[in-house]
Student: 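So that we are looking at the same thing, I have put the structure below in C-alpha cells.
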Amino acid sequence: MSEAKKHKIGILTSGGDAPGMNAAIRAVVRTALANNFEAVGVISGFEGLINGDFRPLSARDVGGILQRGGTFLQTSRSKRFEESNGQREAIRKMNEEGLDSLIVIGGEGSLKGAYALSQKGIKVIGIPGSIDNDVWGTNISIGTDTAMNTIMDSVDKLRDTASSHHRAFLVETMGRNSGYLAVMAGIVCGAEKVLIPEVPATIQEVADAVADAYERGKTHAIIINAEGSNITTTDLAQGIDAMDVGFKTRMTILGHIQRGGGPTAYDRLLASRMGVKAVEALLEGTHGVMTGIRGSGVKYIPLADVAANKRTVNMEYYSMAKVLSR
Ligand code: F6P
C-alpha cells in the first residue's frame with residue numbers, strides 16, 4: 001500500500017526583513033515536522049513563489065538560525081505579485097510543487113498579498129513581521145522590539161556626546177507612514193520632541209522645544225523625527241541651525257541599522273509562539289488568518305480584517321512622550 005501524501009507547507013518571508021523572522025521559520029518548520037507535515041522554504045518571498053524557487057527544509061536546515069537577524073530564506077518586495085497575473089503564476093508553481101498551504105511572514109503589504117492568495121482558494125496563514133509595528137490586528141509584530149532596542153542604544157550613545165558638547169541631536173527613525181517607533185523611542189529615550197507622520201509639525205515648533213530645553217538648563221536636546229513626518233531631517237537640521245536656540249545641532253539618520261542584528265529574547269519568544277500557532281491553525285483546519293497578539297495570547301485574526309484596516313499610533317503614548325520631556 002502506498003503511503004498517504006503528507007501535507008506540505010510552504011513558508012516565505014516577504015517585504016522588509018525583521019529580526020526574529022528566522023526564529024519564526026524555525027518554529028514553523030519544527031512544528032510542521034513534529035506533526036508529520038513536510039516543510040518547504042520559498043526563496044525570496046513572493047518573487048520566489050512566482051519563479052518556483054523552492055527548497056525542502058529539515059529540522060537541521062533551521063538549526064543555528066534562532067539568534068540570527070535577517071531572513072535566511074531571503075526576501076523581496078515583489079511588484080509582479082501585486083498583479084493578478086503574478087498571483088496566478090504563483091498558484092501554478094505552488095500546485096506543481098504540491099504545496100497544500102502557505103505561511104507568509106511579513107508586514108502590512110505582504111499580509112495583503114497573503115489575503116489575495118487566500119481569496120483565490122489557497123490555505124494561507126500570515127505571521128506579522130515588521131519593525132514598523134504597523135500591522136492591524138496584533139499588539140506587536142516580530143522585529144519591533146529588537147528595532148526599539150537598537151534605537152534606544154543608539155540614542156543613549158548620541159545623548160552622551162550631545163551632553164558633552166551642549167548639542168541638540170536630531171535622530172531619524174524608520175517606520176514608513178507610522179509614527180510607532182518614533183513615539184516609543186521618544187518615551188524610552190527621553191526625547192524633548194517627537195515628530196510623527198500622524199501629527200504635522202513646523203520647524204518653528206521644534207526650534208521652540210529646543211530653545212525651551214536650553215532655557216530650562218538641560219545639557220542637550222534629543223529630537224526624534226519619524227522618516228514619514230512632514231519635515232525631512234535635513235530641512236529640520238538646517239532650519240534649527242539657522243535660528244538661535246542655544247544649542248548647536250547635529251543630525252543622525254539611523255536607517256537600516258534598525259533592521260539588523262540578532263533578535264531580542266522578546267522577539268525570539270514572540271516569533272516562536274507565532275510560528276507554532278500558525279502550524280496549529282493548519283492542523284485544526286483553520287486558514288485565511290494571521291497570528292496576532294491580543295491581550296497576552298496569540299489569537300487568529302482574519303486576514304480580511306488585517307487587509308481592510310489601518311493600524312494607527314496610540315496617541316496616549318504621544319501625549320506621554322510630551323509630558324515626560326519636561
Ligand atoms: O517596512 C520596514 C522598513 O524598514 C520601513 O521602516 C522603511 O520605510 C522601509 O522598510 C525601507 O525599505 P527598503 O529597505 O526597501 O529601503
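Each ligand, and each atom within it, is numbered from 1 in the order the structure gives.
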Student: Pull out every atom of ligand 1 sitting under 4.0 Å from any heavy atom of Arg259, numbered as shown with elements.
Tutor: 2 (C), 3 (C), 4 (O), 9 (C), 10 (O), 11 (C), 12 (O), 13 (P), 14 (O)

Student: Under a 3.5 Å cutoff, is there a donor and acceptor pairing between the side chains of His7 and Ser101?
Tutor: yes

Student: Is the closest N or O pair between Arg77 and ligand 1 shorter than 3.5 Å?
Tutor: yes

Student: Counting non-hydrogen protein atoms only, what is the nearest one to atom 1 (O) of ligand 1? Give residue, atom name and distance.
Tutor: Asp132 OD2, 2.7 Å

Student: Would you sort out whether Lys218 and Asp212 count as a salt bridge (charged side-chain N to carboxylate O under 4.0 Å, His left out), showing the intermediate values?
Tutor: CA-CA 9 Å; Lys218 292 202 177 191; Asp212 189 46; over 6 Å; no

Student: Tell me whether Ile103 is reachable from Ile65 by hopping between hydrophobic residues (I, L, V, M, F, W, Y) whose side-chain heavy atoms are closer than 4.5 Å.
Tutor: yes

Student: Would you mind running through ligand 1 and noting each atom that sits below 4.0 Å from a heavy atom of His256?
Tutor: 13 (P), 14 (O), 16 (O)

Student: Given Glu108, which partner from the list Lys310, Arg77, Arg176, Arg311 fulfils the salt bridge (charged side-chain N to carboxylate O under 4.0 Å, His left out) test?
Tutor: Lys310

Student: Would you mind finding which of Gln258, Arg176, Glu227 brings a heavy atom closest to atom 8 (O) of ligand 1?
Tutor: Glu227

Student: Any N or O of Gly175 that comes nearer than 3.5 Å to an N or O of ligand 1?
Tutor: yes

Student: Given the ring of Phe54, does Lys93 sit roughly above its face, with NZ or CZ under 6.0 Å from the centre of the six-membered ring and within 45° of the axis?
Tutor: no

